[in-house]
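As the structure is a computational prediction, the values presented were derived from the model and not from experiment. Each chain gets a letter, A, B and so on, in the order the sequences are listed, and its residues count up from 1.
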Number of protein chains: 2
Amino acid sequence: MLPENTRRSLPMALLHAREAVMARFRPMLAAHDVTEQQWRVLRVLSEAGPVEATELAERASVLPPSLTRIIKALEGRKFITRNKAEGDGRRVVLTIAPAGSALIDALSPERRVIYDDIEQRFGHEKLEQLLDLLESLIGGEN
Amino acid sequence: MLPENTRRSLPMALLHAREAVMARFRPMLAAHDVTEQQWRVLRVLSEAGPVEATELAERASVLPPSLTRIIKALEGRKFITRNKAEGDGRRVVLTIAPAGSALIDALSPERRVIYDDIEQRFGHEKLEQLLDLLESLIGGEN
DNA sequence: TTGTTTTAATTAACGCGCTAATTATATGCA
DNA sequence: TGCATATAATTAGCGCGTTAATTAAAACAA
């Protein structure tokens, strides 16, 4: 059945929910001149070490064309370094640089506070339920 | 607590979920050369009649600058008409045009099929649960 | 080895999200 | 009435999403 009102439309609800959550994180990122996507890329590089572009794009949920732009920006600010893979001149390997690690460290506490606040307001139980449902929706070939 | 792995990160999960759902609708919209946001605007105008720009932006979940661009595009294709509000020269009133209504009618059956398919695969019960949780997350000043 | 096919990354083109600034019209106040 | 303030819409500027096209390098085949 089609959703009669817009609020019960799944795409709309997901959009609003994401908007509501990101509104909490955006000021923090803006204060450090980092976009949401740049932040995701940095986090993946911080947690996973040197990674090839294709894998990085997947893990950070960014499309390849966007990643190219993000790499340029982050490299320009010395947050990451970019090298060709040895043995395959097509592949590119990205590595986090000291300035990048420093930014991660600087923002993590704030990030934790925001995340905790959301979890507390929304409820731990409900958050787990929501994450389970979302995971199922994503993974289930829906 | 911070989410250890990316899959249990709420912003990421919402992003992926929305992406998974929209992937189903996108081909339909692309086939008719309508963007997702243009489609939302058309639907609101179709369901709510003539509406002022500010209200339209809210109901379609589109930012005012985006709405300006969308109006231009839709007006150019004769899907909507744009007039000044009588009594207040600042306000703009949008109305759906016959071609716009025709597009809505043409796409609605397809839309229903896709939505039904998602609901069937995911499960009616789970969909309702998910919508409830999302609604709570959005509305709860979280 | 040479030519074809495949793969990785980039570029191109267009629209939207987002913030900030600007324009135009209304409203409020002295 | 005249001026300051407030409001609605638009414009500007930048980055990302998305699809398609392009470039460069590797793998494969004759």
Here the pair of heavy atoms bringing A:S136 nearest to B:F122 is OG-CE1, 3.4 Å
Contacts of A:G87 and A:I70 projected onto DNA chain D by closest heavy atom; the upstream (5') one is A:I70
Of all heavy-atom pairs linking A:P50 and A:T95, the shortest is CB-OG1, 3.7 Å
Rounded to whole Å, how long is the line connecting atom CG of A:L15 with atom P of D:dC16? 19 Å
Give the minimum heavy-atom separation between B:F79 and B:L103, together with the two atoms involved. CE1-CD2, 4.0 Å
Would you say a side-chain N or O of A:T35 is under 4.0 Å from OP1 or OP2 of D:dC16? yes
Where does the chain A footprint on DNA chain C start and end, counting 5' to 3' with a 4.0 Å heavy-atom cut-off? C:dT7 to C:dC18
Interatomic distance, B:D33 CG vs D:dT19 P [rounded to whole Å]: 14 Å
Earlier contact from the 5' end, DNA chain D, for A:G89 and A:Q38: A:Q38
Polar-atom pairs under 3.5 Å, protein N or O versus N or O of nucleotides 6-11 of chain D: list them with distances, or write none.
| residue | atom | partner | partner atom | Å |
| --- | --- | --- | --- | --- |
| D:dT7 | O2 | B:R90 | NH1 | 3.0 |
| D:dA8 | OP1 | B:R91 | NH2 | 3.1 |
| D:dA9 | OP1 | B:V92 | N | 3.0 |
| D:dA9 | OP2 | B:T54 | N | 3.1 |
| D:dA9 | OP2 | B:T54 | OG1 | 2.0 |
| D:dT10 | OP1 | B:R82 | NE | 3.2 |
| D:dT10 | OP1 | B:R82 | NH2 | 2.6 |
| D:dT10 | OP2 | B:T68 | OG1 | 3.0 |
| D:dT11 | OP2 | B:K72 | NZ | 2.9 |

What distance do A:L107 atom CG and A:L29 atom CG have between them, rounded to the nearest 0.5 Å? 6.5 Å
Is there a donor-acceptor pair under 3.5 Å between the side chain of B:Q38 and the backbone N or O of B:T35? yes
Side chain to side chain contact (heavy atoms under 4.5 Å, CB included) test vs B:L94 passes for just one of B:V44, B:L45, B:V51, namely B:L45
Using a strict threshold of under 4.0 Å (side-chain N to carboxylate O), is an ion pair present between B:D117 and B:R121? yes
Nearest whole Å is fine: how far is D:dC14 C1' from A:Q37 CD? 13 Å
Which heavy atom in A:I96 sits nearest to a heavy atom in A:I104, and how many Å separate them? CD1-CG1, 4.2 Å
How close or far is atom P of D:dA20 from atom CG of A:L63, stated in whole angstroms? 13 Å
